[in-house]
Every structure is written in C-alpha cells, then in structure tokens.
2 protein chains.
Amino acid sequence: MNPVQFYKCLADETRLRCLMLIEHEDELCVCELTEALDESQPKVSRHLAQLRQCELLLDRKQGQWVYYRINPSLPDWAKSVLQQTNEANKAFLKVNLDSLFRMGDRPNRVASCC
Amino acid sequence: MNPVQFYKCLADETRLRCLMLIEHEDELCVCELTEALDESQPKVSRHLAQLRQCELLLDRKQGQWVYYRINPSLPDWAKSVLQQTNEANKAFLKVNLDSLFRMGDRPNRVASCC
DNA sequence: ATAATATATATGATTTTTCGTATATACAAG
DNA sequence: CTTGTATATACGAAAAATCATATATATTAT
C-alpha cells in the first residue's frame with residue numbers, strides 16, 4: 001500500500017466519512033451510507049468504488065444490497081491510522097451516526113456464511 | 001485540526017515526503033529538502049508554505065536559511081499518524097534520505113536559543 | 001555597492017479530481 | 001412479465017490542485 005495513494009483516499013470528505021462510518025459499524029450498505037451522509041447515491045457509490053479499487057474496502061453482495069467493510073488485509077499501519085482517526089474524531093462523525101440511527105427500514109443483516 | 005484537511009496535506013507525494021523527512025530529521029531547511037527530493041525550489045517551497053498555513057509545520061529563520069519542523073501543537077492523533085507512517089514506510093523514504101546524506105555543503109545548525 | 005545564495009510568491013497553463021445527470025444492471029415483489 | 005428498489009457506471013462540465021517559469025525579497029560575501 002503506497003502511503004500517498006492511501007492518503008489520497010482519505011483526503012475527500014465523502015470518502016473519509018464513509019470509511020469512518022464503516023470502521024465504526026463494521027459493515028454498511030450503500031443505502032445506509034447514502035442516508036447517513038445525506039448525499040446522492042451515485043456520488044456515494046462512485047467514492048466506494050474508488051475505495052474498493054484501492055483495496056481499502058471489500059464488498060459483499062447479499063440480495064439487492066452490497067455491504068462494504070474495511071479490508072482486513074490492509075497493512076497494520078493503515079488499519080491503525082483508520083482506528084486512531086476514528087477514536088480521536090468522534091464529534092466529526094456524530095451527525096452521520098445520528099442520521100444512520102434515525103434511519104427507518106434499514107436492511108436486515110444476514111451473516112455471510114448462510 | 002479537521003481530519004479531511006489534515007489528510008489532504010498528506011495526499012501529495014512532495015508534501016508527504018517532506019513531512020516524513022522532517023519527522024525523521026527533526027528539522028530541515030528548504031535547500032536540504034529540495035536536494036533530497038530532487039525537485040525544483042519553488043515547488044518545494046510552495047508545498048512547505050501550504051503545510052505551514054495548515055499548521056502541520058512551523059518554521060524558524062536563521063540567517064539565510066529557513067528550517068521547518070513538525071508543529072508540536074498538533075493533536076496527538078495527528079502526530080501519531082505521522083510517526084506510524086514513517087516507521088512503517090522506511091523503504092519509501094530511503095531514496096530521499098540517501099540523497100540527503102550524500103549532499104555536500106549542508107548548512108550548519110545553530111541552536112535557535114543563541 | 002555588487003554578486004551570489006536561499007527562499008517566497010505571482011501568474012497563467014495544465015492536469016487531476018469531483019460532480020450532476022442520465023442510464024444500465026441486478027434482484028425482489030406482485 | 002411488470003414494477004420498484006439497490007447499486008454501478010458513463011459522460012461531459014465544473015472545480016480544485018499542481019506545475020513551470022519568472023520574479024521579488026532577504027541575507028551573506030566580496
């Protein structure tokens with residue numbers, strides 16, 4: 001993982017908030033992120049695709065939903081950066097977490113093993 | 001320190017290498033960074049100015065040289081991110097450190113207190 | 001005073017990134 | 001099959017970032 005490419009991924013508000021929300025919630029689908037961020041679906045989807053191409057995120061398709069999670073194969077330093085950023089910037093994420101928890105009709109998780 | 005602004009500062013190759021070199025050496029002047037990076041002086045200077053404006057770096061003028069150092073007032077999480085990035089990416093910096101150590105006529109440091 | 005060195009900044013061009021909108025694909029429900 | 005929902009992508013426009021070059025300022029040396 002080239003550190004410049006890694007930080008370019010974090011250097012956009014939409015992408016950083018997506019990463020932090022996913023880090024916080026372990027796994028989120030596109031519609032949840034779209035609601036939490038109050039952004040258009042194509043915009044969120046485009047940024048998620050970029051994070052997937054750079055291998056910061058993995059996705060898992062389940063029915064009509066696509067769930068994104070942090071790539072566990074990221075180097076330790078990168079994972080650590082994401083964790084620390086999250087822990088030290090809770091106020092930054094609050095508005096998005098509030099929207100997420102207020103959201104109705106969130107899809108039911110089914111474990112990927114079933 | 002807004003995390004998006006912070007990561008935008010790290011999301012450029014010239015700026016990230018400058019930050020990592022300075023982190024490694026505690027303090028470097030513009031001509032040393034210019035030599036270590038093998039980039040034009042205005043380019044290095046411009047990026048350093050940006051890092052100073054964003055308060056990631058502080059500068060100290062001494063004679064004809066301007067020395068840059070990491071701003072010690074950065075939040076702990078940001079300082080930690082810089083340190084971890086450095087420790088986990090030594091190979092990334094090697095070529096620049098080699099150039100720096102090979103450089104002739106490096107300015108003599110004088111402690112800022114004198 | 002003149003010349004040389006170190007650094008900063010201005011300017012306009014170029015490149016990169018981001019965006020809105022439209023559209024395509026896949027799945028689910030009826 | 002049709003409709004609705006979730007997601008992805010294509011395309012051109014707009015915005016932002018970066019750059020090379022020229023030039024300005026400050027300091028040191030002669």
Side-chain angles (χ1 to χ4, degrees), chain A residues 2 4-19 22 27-54 56-69 100 103-110 112, chain B residues 2 4-19 22 27-54 56-69 100 103-110 112:
Chain A
N2 174 320
V4 177
Q5 189 192 24
F6 176 72
Y7 287 122
K8 279 187 195 218
C9 286
L10 309 205
D12 171 90
E13 178 134 11
T14 302
R15 286 195 300 273
L16 187 61
R17 288 187 191 275
C18 282
L19 284 168
I22 292 168
E27 217 180 40
L28 287 171
C29 70
V30 183
C31 63
E32 290 171 321
L33 288 163
T34 299
E35 176 85 16
L37 294 176
D38 192 28
E39 296 277 4
S40 74
Q41 179 270 320
K43 177 170 174 179
V44 172
S45 195
R46 199 160 3 97
H47 283 296
L48 290 171
Q50 184 178 340
L51 293 172
R52 176 168 27 84
Q53 279 154 23
C54 293
L56 269 70
L57 295 180
L58 296 183
D59 63 338
R60 152 174 94 89
K61 188 163 191 176
Q62 182 182 295
Q64 39 188 339
W65 296 283
V66 177
Y67 291 96
Y68 284 88
R69 64 186 185 282
L100 180 62
M103 176 181 178
D105 286 328
R106 288 178 63 182
N108 285 323
R109 287 318 116 91
V110 178
S112 52
Chain B
N2 173 319
V4 178
Q5 190 194 22
F6 176 72
Y7 288 122
K8 279 187 197 222
C9 287
L10 310 204
D12 171 89
E13 179 134 11
T14 302
R15 286 195 300 272
L16 187 60
R17 288 188 192 273
C18 282
L19 284 168
I22 292 167
E27 216 179 41
L28 287 171
C29 70
V30 183
C31 62
E32 290 170 320
L33 289 164
T34 299
E35 176 84 15
L37 295 175
D38 190 28
E39 296 276 7
S40 74
Q41 178 271 320
K43 178 170 173 179
V44 173
S45 194
R46 193 162 10 92
H47 284 295
L48 290 172
Q50 186 178 339
L51 293 172
R52 177 168 25 86
Q53 277 153 24
C54 292
L56 269 70
L57 294 181
L58 296 183
D59 64 338
R60 155 174 94 89
K61 187 163 190 175
Q62 182 183 295
Q64 42 188 337
W65 296 284
V66 177
Y67 291 96
Y68 284 88
R69 63 187 187 280
L100 180 61
M103 175 180 180
D105 286 329
R106 290 178 62 184
N108 285 323
R109 286 321 114 90
V110 179
S112 53

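As the structure is a prediction and not an experimental result, all values here were calculated from the model.
Qualifying salt bridge (charged side-chain N to carboxylate O under 4.0 Å, His left out) partners for B:R69, counting only residues two or more places apart in sequence or in other chains: none. Scanning for side chain to side chain contact (heavy atoms under 4.5 Å, CB included) contacts around B:R106 gives B:E25, B:L28, B:E32, B:L100, B:F101, B:M103, B:R109, with sequence neighbours left out. Every residue two or more places apart in sequence or in another chain was checked for a ring-ring contact (aromatic ring centres under 6.0 Å, His included) with B:Y68, and none qualifies. The ring-ring contact (aromatic ring centres under 6.0 Å, His included) check on A:F6 picks up A:W77, with sequence neighbours excluded. Taking the side chain to side chain donor-acceptor pair (under 3.5 Å) definition, one finds that B:E27 meets it with B:R60, sequence neighbours left out. When the side chain to side chain donor-acceptor pair (under 3.5 Å) test is applied to B:K43, the partners found at least two apart in sequence or on another chain are B:E39. Remark: B:E13 engages B:R17 in a side chain to side chain donor-acceptor pair (under 3.5 Å) (not counting sequence neighbours).
Atom-to-atom distance recorded for A:L10:CG and A:C18:SG is 12.0 Å, nearest 0.5 angstrom.
Scanning DNA chain C 5' to 3' for nucleotides with an atom closer than 4.0 angstrom to a non-hydrogen atom of chain B gives a first and last hit of C:dT5 to C:dT9.
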Please output the side-chain donor-acceptor pairs of residues 44-51 of chain A that fall under 3.5 Å, not counting sequence neighbours, one pair per line with the distance.
unit_1: A:H47; atom_1: ND1; unit_2: A:R15; atom_2: NH1; d: 3.1
unit_1: A:Q50; atom_1: OE1; unit_2: A:R15; atom_2: NH1; d: 3.1

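Across the protein-nucleic acid pair, A:D59 atom CG and D:dA6 atom C1' stand 14 Å apart, rounded to whole Å. We find that CD of A:E35 is positioned 11 Å from P of D:dA6, with the value rounded to whole Å.
Scanning all heavy atoms of the two residues, the minimum distance from B:T34 to B:S40 falls at CG2-C, 4.1 Å.
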Can you give me the N/O atom pairs linking the protein to nucleotides 25-30 of chain D at distances under 3.5 Å, or say none if there are none?
none

Anything under 3.5 Å between a protein N or O and an N or O of nucleotides 17-20 of chain D, put it in a table, one pair a line.
unit_1: D:dT18; atom_1: OP1; unit_2: B:D12; atom_2: OD1; d: 3.3
unit_1: D:dT18; atom_1: OP1; unit_2: B:R15; atom_2: NH2; d: 3.3
unit_1: D:dT18; atom_1: OP2; unit_2: B:R15; atom_2: NH1; d: 3.1
unit_1: D:dC19; atom_1: OP1; unit_2: B:K43; atom_2: NZ; d: 2.8
unit_1: D:dC19; atom_1: OP2; unit_2: B:H47; atom_2: NE2; d: 2.8

